[in-house]
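Below is one structure, written out as structure tokens, with a few remarks after it.
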Protein chains: 2
Amino acid sequence: MIGYRLKQAQAALRSRMDETLKQLELTTSQYSCLETIGRRPGASNAEIARSVFVSRQAMNTLLRGLQQRGLVTRAERAEAGRALPIRLTGEGRRLLGEAAARIARIEKAMSDALGPERRTSLMSGLTRCVDALEDLPDPE
Amino acid sequence: MIGYRLKQAQAALRSRMDETLKQLELTTSQYSCLETIGRRPGASNAEIARSVFVSRQAMNTLLRGLQQRGLVTRAERAEAGRALPIRLTGEGRRLLGEAAARIARIEKAMSDALGPERRTSLMSGLTRCVDALEDLPDPE
DNA sequence: GAGGATATGTCAGAATATTGACATGAAGCA
DNA sequence: TGCTTCATGTCAATATTCTGACATATCCTC
């Protein structure tokens, strides 16, 4: 039953995010991507992919779209290894700001509905679940 | 931050589910579909789709696969309206049983990691989030 | 230095999902 | 009855994502 509730909450959240981001011509994945770059300027494609929980390949195509729209830039040549550092453009930063404000409203709605204690409790509960899932032995 | 934790937990869970279900040649979506039919025999395509949080169309193609594998049956003619009642075959029920046992292990790992109180708290916290998201006013 | 393990970017193909559209059946209402 | 509204199933086109594969670059070990 935890699994179902998790899925339900995630689906509801994503639905709301897509809804409000649509007005900025952004999808939830694109927003998550921009948000990650904002937090970690110079991150690599693979790094962002892991943070957004999609494959490198999916993030690659997603990034091309953002690049064509002039929201992000990608280094021409790798500074070290093969990773091509990615950064926000001015326009990317501006759009991220608008999007983040909208998303903040959604986060706030959840926070308000929970209250501080329950919110903390929810966060730690989810963390415990993640840890438990990661420690789960591989099915032989 | 709730959104991120939610996504992370959901991703970890789905990853584990896909992993263990792969041995039965099932995806998480297919399992969720079978599980829903098991709980609600005679459900319609649209009904199952809502329960699994995908579109009618996606569930339709998914069901065809299960049908071809002989795991589910679909009524030829609608009893009422246009809905074509869907049911598990014997083989479908058997496979669902095996799959459910595997999924139960994963659920148990999360439950054990939380303990009864925190588990209840997590469930109600998620429910509150869902309610808050549904009550959220449409972005004008 | 040589070789292996690991991480990254990318191409190709396939699976999966979504949106838009339309026809059909049921229910409610003037 | 006739009309509207709503839910359902389904077709088509598109978008998104994944897996598999390969080349390249770095690090580690011998």
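Bear in mind the structure is a predicted one, so any value in this text is a computation, not a measurement. Proteins come first, then strands; the chains are lettered A, B, ... in the order of their sequence lines, and each starts at number 1.
The side chain of A:T27 has D:dT16 as its nearest neighbour among D:dT16, C:dT18, D:dT17. Side chain of B:R82, nearest nucleotide from D:dA12, C:dG9, C:dA23: C:dA23. With distances taken from any side-chain atom of B:V54 to the nucleotides C:dT8, C:dG25, C:dT18, the minimum falls on C:dT18.
Listed pair B:N60 / D:dG9 fails the phosphate criterion, with no side-chain N or O lying under 4.0 Å from OP1 or OP2. Look at A:R74 and you'll find a side-chain N or O under 4.0 angstrom from OP1 or OP2 of C:dT10. Taking only side-chain nitrogens and oxygens, B:S55 never comes nearer than 4.0 Å to OP1 or OP2 of C:dG20. Side-chain N/O atoms of B:N45 include one lying less than 4.0 angstrom from OP1 or OP2 on D:dG9. Dashed line: the shortest gap from a side-chain N or O of B:R50 to OP1 or OP2 of D:dT8 is under 4.0 Å. Under 4.0 angstrom from either OP1 or OP2 of D:dT16 there lies no side-chain N or O belonging to A:R64.
In the model, A:T36 has a side-chain atom that pairs as donor or acceptor with a side-chain atom of A:S51 under 3.5 Å.
Between the CD1 atom of A:I48 and the P atom of C:dT10 there is a distance of 12 Å, given to the nearest Å. Atom CZ in A:R56 sits about 13 Å away from atom P in C:dC11, given to the nearest Å. Atom CD of A:Q30 is separated from atom P of D:dT17 by 9 Å (rounded to the nearest Å). Remark: P of C:dA7 and CG of A:L84 are 18 Å apart, rounded to the nearest angstrom. Counting to the nearest Å, the C1' atom of D:dC18 and the NZ atom of B:K22 are 11 Å from each other. Distance A:Q57 CD to D:dA15 C1': 17 Å, rounded to the nearest Å. Taking atom CG of B:D18 as the reference point, atom P of C:dA15 lies 16 Å away to the nearest angstrom. The CG-P distance, from A:L26 to D:dT16, rounds to 12 Å in whole Å.
Residue B:A58 is in base contact, counting any heavy-atom pair closer than 4.0 Å across all strands shown. Note on A:S29: only backbone sugar-phosphate atoms sit closer than 4.0 angstrom, heavy atoms only; bases stay farther off.
Taking CZ of B:R64 as the start and CG of B:N45 as the end, the distance is 9.5 Å to the nearest 0.5 Å.
Note on A:L26 and B:Y4: separate hydrophobic clusters, where clusters join Ile, Leu, Val, Met, Phe, Trp and Tyr whose side-chain heavy atoms are under 4.5 Å apart, directly or indirectly. One hydrophobic cluster holds both B:M17 and B:L96 under the rule that ILVMFWY side chains link at heavy-atom gaps under 4.5 Å.
Note on B:R39 versus B:E35: salt bridge recorded, some NZ/NE/NH1/NH2 to OD/OE distance being below 4.0 Å.
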